[in-house]
Amino acid sequence: MTTASDSPAASRWAPQQPKAIQFYSYPTPNGVKVSLMLEETGLPYDAHLVDFGKGDQKTPAFLAVNPNGKIPAIYDPEGPDGRPVTLFESGAILLYLAEKSGKFMPADQKWQITQWLMFQMAGIGPMFGQFGFFHHYAGKAVEDPLPRERYRAEAARLLTVLDGALEGQDWIAGDYSIADMAIGPWLHGMMHHYKGAEAVGWNDLKNVPAYFARFMARPAVQRALNIPAVA
Ligand SMILES: N[C@@H](CCC(=O)N[C@@H](CS)C(=O)NCC(=O)O)C(=O)O
């Protein structure tokens, strides 16, 4: 029988529950997407901190679960047809957990949810991330204004697309879904990590601020933002 101890990363991050999903992460927006889905579904899991301060994400133990050397990643000893599965890319993990749990991706919303999930994965995530680098982190030192302005303008534009799509609805694709779980942590990153509200015209948006407040009011979101806990 396969157990969590069969995870390729078990030698570095010891499982606590033999049948639980092993979740390897750090509480950045991409990590929080998955901790949130795990909290919302109630699926059993063990959370393991991949400590960026120690460079854990580039060690052989972690590369065995994600050769791309980035969080989040999971190992499920009880995957499809009872066989174990190792997965990386937060969007793929959200789709997997939705199918496994049967929650947050109802069949009649499947393609709208997929569409907005892809919008987050290919647009919001990469563009907000680059904006954060040039606006708030090391990229601030770059004197050329072009890269900062390029990503600021694209982040602002993406927010207006989201704002328009939210007109008349509480969540982006019908009921609260994995698409909201993908987008919400990046809005949190923009507001609280990158402190980018003014730069991207947050206060001029009609629907996004209330959407973000609805998201933040969910108890699972409050928990997920600190999973795994950083010592
Ligand atoms: N497309 C990937 C992106 C993952 C990603 O960029 N993870 C970042 C944290 S948000 C990371 O692990 N950075 C550490 C590094 O690059 O060394 C996903 O959605 O899972």
Test log, rule side chain to side chain contact (heavy atoms under 4.5 Å, CB included), inputs Tyr24 and Ile71 = CA-CA 7 Å; Tyr24 306 97; Ile71 64 91; 5.6 Å; no
Criterion side chain to side chain contact (heavy atoms under 4.5 Å, CB included) on Ser25 and Val34, from CA distance to verdict = CA-CA 9 Å; Ser25 193; Val34 175; over 6 Å; no
Evaluation steps, side chain to side chain contact (heavy atoms under 4.5 Å, CB included), between Phe104 and Met181 = CA-CA 9 Å; Phe104 301 113; Met181 292 186 222; 3.4 Å; yes
task = Give the intermediate values and the outcome of side chain to side chain contact (heavy atoms under 4.5 Å, CB included) for residues Ile21 and Tyr75.
result = CA-CA 6 Å; Ile21 294 169; Tyr75 173 81; over 6 Å; no
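The main-chain N or O of Phe134 is never found under 3.5 Å from a side-chain atom of Lys140 such that the two would form a donor-acceptor pair. When atom types are taken as modelled, the side chain of Asp180 and the backbone of Ile172 share a donor-acceptor pair closer than 3.5 angstrom. One N or O on the side chain of Lys58 and one on the backbone of Gly69 form a donor-acceptor pair closer than 3.5 Å. Side-chain N or O atoms of Glu39 include none that pairs as donor or acceptor with a backbone N or O of Ala220 at under 3.5 Å. Listed for the Asn226 side chain is no donor-acceptor partner under 3.5 Å among the backbone atoms of Arg223. When atom types are taken as modelled, the side chain of Asp81 and the backbone of Arg83 share no donor-acceptor pair closer than 3.5 angstrom. Asp46 places no side-chain N or O within 3.5 Å of a backbone atom of Pro15 that could act as its donor or acceptor partner. Side-chain atoms of Asp6 come within 3.5 Å of backbone atoms of Thr3 as a donor-acceptor pair (strictly under, hydrogens ignored).
Side-chain atoms of Tyr26 and Asp56 form no donor-acceptor pair, as typed in the model, at a separation below 3.5 Å. No side-chain donor from either of Gln16 and Tyr45 sits under 3.5 Å from a side-chain acceptor of the other.
No side-chain heavy atom of Ile74 sits under 4.5 Å from any side-chain heavy atom of Gln22. For the pair His48/Arg12, no side-chain contact is recorded, criterion being any heavy-atom separation below 4.5 Å from C-beta on. Inter-residue side-chain proximity for Gln109 and Asp175 is flagged as met; some heavy-atom pair is nearer than 4.5 Å. Proximity of Met37 to Ser101: side-chain heavy atoms (C-beta onward) are separated by under 4.5 Å at one or more points.
The CG atom of Leu49 sits 10.0 Å away from atom CZ of Phe23, with the distance rounded to the nearest 0.5 Å. One distance of note links CD of Gln130 with CZ of Arg152; it measures 15.5 Å at 0.5 Å rounding. Rounding to the nearest 0.5 Å places CZ of Phe128 at 5.0 Å from CD1 of Ile124. Rounding to the nearest 0.5 Å places CH2 of Trp171 at 9.5 Å from OG of Ser177. How far OH of Tyr151 is from CG of Leu146: 9.5 Å, rounded to the nearest 0.5 Å.
Partner Pro185 forms a side-chain contact (heavy atoms from CB on, under 4.5 Å) with one of Ser90, Pro29, Pro27 and no other, that one being Pro29.
In this structure, Ala10 and Ala4 approach most closely via the heavy-atom pair CB-O, 4.1 Å.
For Arg214, the salt bridge (Lys or Arg N to Asp or Glu O under 4.0 Å) partners are Asp170, not counting sequence neighbours.
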Would you mind writing out the side-chain donor-acceptor pairs for residues 112-121 within the sub-3.5 Å range, not counting sequence neighbours?
unit_1, atom_1, unit_2, atom_2, d
Gln112, OE1, Gln115, NE2, 3.4
Thr114, OG1, Lys110, O, 2.7
Gln120, OE1, Lys33, NZ, 2.7

Validation: residues 187-205 side-chain donor-acceptor distances under 3.5 Å, sequence neighbours left out:
unit_1, atom_1, unit_2, atom_2, d
Lys195, NZ, His192, O, 2.8

Under 3.5 Å, sequence neighbours excluded: what are the donor-acceptor pairs made by side chains of residues 155-162?
unit_1, atom_1, unit_2, atom_2, d
Arg157, NE, Glu154, OE1, 2.9
Arg157, NH2, Glu154, OE2, 2.9
Thr160, OG1, Arg157, O, 2.6

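Counting non-hydrogen atoms of neighbouring residues, nucleotides and ligands closer than 6.0 angstrom, the CD atom of Glu149 exceeds 12 such neighbours.
Within the structure, ring-ring contact (aromatic ring centres under 6.0 Å, His included) contacts touching residues 83-103 (residues at least two apart or in different chains) do not occur. Screening residues 63-78 for salt bridge (Lys or Arg N to Asp or Glu O under 4.0 Å), with sequence neighbours left out, gives Lys19-Glu78, Asp76-Lys100.
Phe62 is not connected to Ile227 by any chain of hydrophobic side-chain contacts under 4.5 Å among Ile, Leu, Val, Met, Phe, Trp and Tyr, and they are in different clusters.
Taking the ring axis of Tyr176 as reference, the NZ or CZ atom of Arg218 stays within 45° of it and closer than 6.0 Å to the ring centre.
Remark: Glu167 engages Lys206 in a salt bridge, criterion side-chain N to carboxylate O under 4.0 Å.
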